[in-house]
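Hydrogens, waters and symmetry mates are skipped; everything else that's a heavy atom, side chains included, is used. Throughout, a chain's letter reflects where its sequence line sits, starting with A, and its residues are numbered from 1.
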There are 2 protein chains.
Amino acid sequence: MAAGARRGSPLTLEEIYATALRLANEGGVEALSMRKLAAALDVNPMSLYHHVANKTALIDQICLTMGERLEIPVMDGAPWPERLRALGHAYRRLATTYPSLWRYVHTHPELVAAREGGLWDVFLPILRAAGVPEEELLRTADVLHGFVTGLIINQQNGHVGGDRSPEAMDLMFEAAIDLIVAGVSARFSPAG
Amino acid sequence: MAAGARRGSPLTLEEIYATALRLANEGGVEALSMRKLAAALDVNPMSLYHHVANKTALIDQICLTMGERLEIPVMDGAPWPERLRALGHAYRRLATTYPSLWRYVHTHPELVAAREGGLWDVFLPILRAAGVPEEELLRTADVLHGFVTGLIINQQNGHVGGDRSPEAMDLMFEAAIDLIVAGVSARFSPAG
DNA sequence: ACCTGAACACCGTTCAAGT
DNA sequence: ACCTGAACACCGTTCAAGT
């Protein structure tokens, strides 16, 4: 083992991030440790520190790459309620694909990874189409983002009074978007 | 030091919980350790295990006692939007009083402490008064609870696009409740 | 350049032993 | 009954030393 106990190739950043993301998703972010990650990579724990500053920097990074995997639907022609609904579902899909990491991002201060890739570029135009005036746009977006985030977190945690079946969760999410659409309509586009 | 290094009185559960709650609130739940708690109580770390099963049981307990400190306003005569608004503010007040612990409760699975003392006993009648039909009552309550929870979490984490001043946060919260009231009205009591 | 072993300062928890 | 010291199996991270 001249150049170390590893199979052959030198450790790469991509390899580290990919494995860390996988481990964090499987066992939970809290259970991810530098030593376990090193073991999974078949490498001395200290080797990691040659590629990554520390554990939090590593977690920041995998949160970022997760955020970039938000798949935003393009529905330029459709009316705003349909576009809003589709965006909500895309958002929820990301959360259910990476439950632990997603929760981590949304419950830790200042993880700017929360700026999910391009989310706002799609979100704000939808709200404009709904008649939200420019001076209330950002605030309304923050409010609705908070609404959906909280609903998903509560669903993930089982903080739910009624039925906890997947079907009930789906119904709940639909009811939530219905309520949001109704609220936005009533407040900002009473005509439509 | 015959009976230990402590001042005099034997360790009590109340003392343990009170100190743990204080430490968790000051330094964050994540930073609370059995050893630090013991140091704050001027006691050997192992003594704690004579009163508490383990760390998670202790945290469960202090979450419970926090939940009981929700101060629900009594406004039986008032119209439902006012009552809903007051309940929202009471809920938010608890969250800002115990930010770290509150976030911990609302981001960890199955911490039934989320059943904040008597919240639902007040919440459900308000929704009934708003015209929510019985078969949608629990689901609607869950949805709105999620909405407010998510908004508070995002505010606490600075996951907010616009201004982050306390005044802006207050405005945001008001806007959120306005939207909720508008949504509930439009969906369930179109007449009122 | 890249990797590593030993070491440091922390954890939660068990257990046998003390008073 | 209540407390404790030593020990175990973990952490993240530093640093001097190896190839």
Count I, L, V, M, F, W, Y as connected when their side-chain heavy atoms are under 4.5 Å apart, and connections chain through other members. Are Leu124(B) and Leu87(B) then in the same cluster?
yes
Tyr98(B)-Arg69(B) side chain donor-acceptor pair, cut-off 3.5 Å
yes
Under a plain distance cut-off of 3.5 Å, with no hydrogens placed, do Gln155(B) and Arg92(B) share a side-chain donor-acceptor pair?
yes
What is the pairing partner of dC11(C), taking Watson-Crick or G-U wobble pairs with both distances under 3.5 Å in any strand?
none
Under 4.0 Å: is that the gap between some side-chain N or O of His51(A) and OP1 or OP2 of dC2(C)?
no
Given dT4(D), is OP1 or OP2 found less than 4.0 Å from the side-chain N or O atoms of Ser47(B)?
yes
Distance, rounded to the nearest Å, where Asp42(A) contributes CG and dC3(C) contributes P:
12 Å
Protein-to-nucleotide contact annotation, 5' to 3' order, nucleotides 9-18 of chain D [B base; S sugar-phosphate only; - none; under 4.0 Å, heavy atom]:
--BBBB----
Starting at CD of Glu15(A) and ending at C1' of dC2(C), how long is that distance when rounded to a whole Å?
14 Å
Is a side-chain donor or acceptor of Ser47(A) paired with a backbone partner of Val43(A) at a separation under 3.5 angstrom?
no
Under the salt bridge (Lys or Arg N to Asp or Glu O under 4.0 Å) test, which residues partner Glu26(A), sequence neighbours left out?
Arg22(A)
Suppose we define a pair by two distances each less than 3.5 Å, Watson-Crick or G-U wobble; what does dT19(C) pair with here?
dA1(D)
Any pair with a residue in residues 44-89 of chain B that passes ring pair (Phe, Tyr, Trp, His ring centres under 6.0 Å), sequence neighbours left out, goes on the list, sorted by first then second residue, please.
His89(B)-Phe173(B)
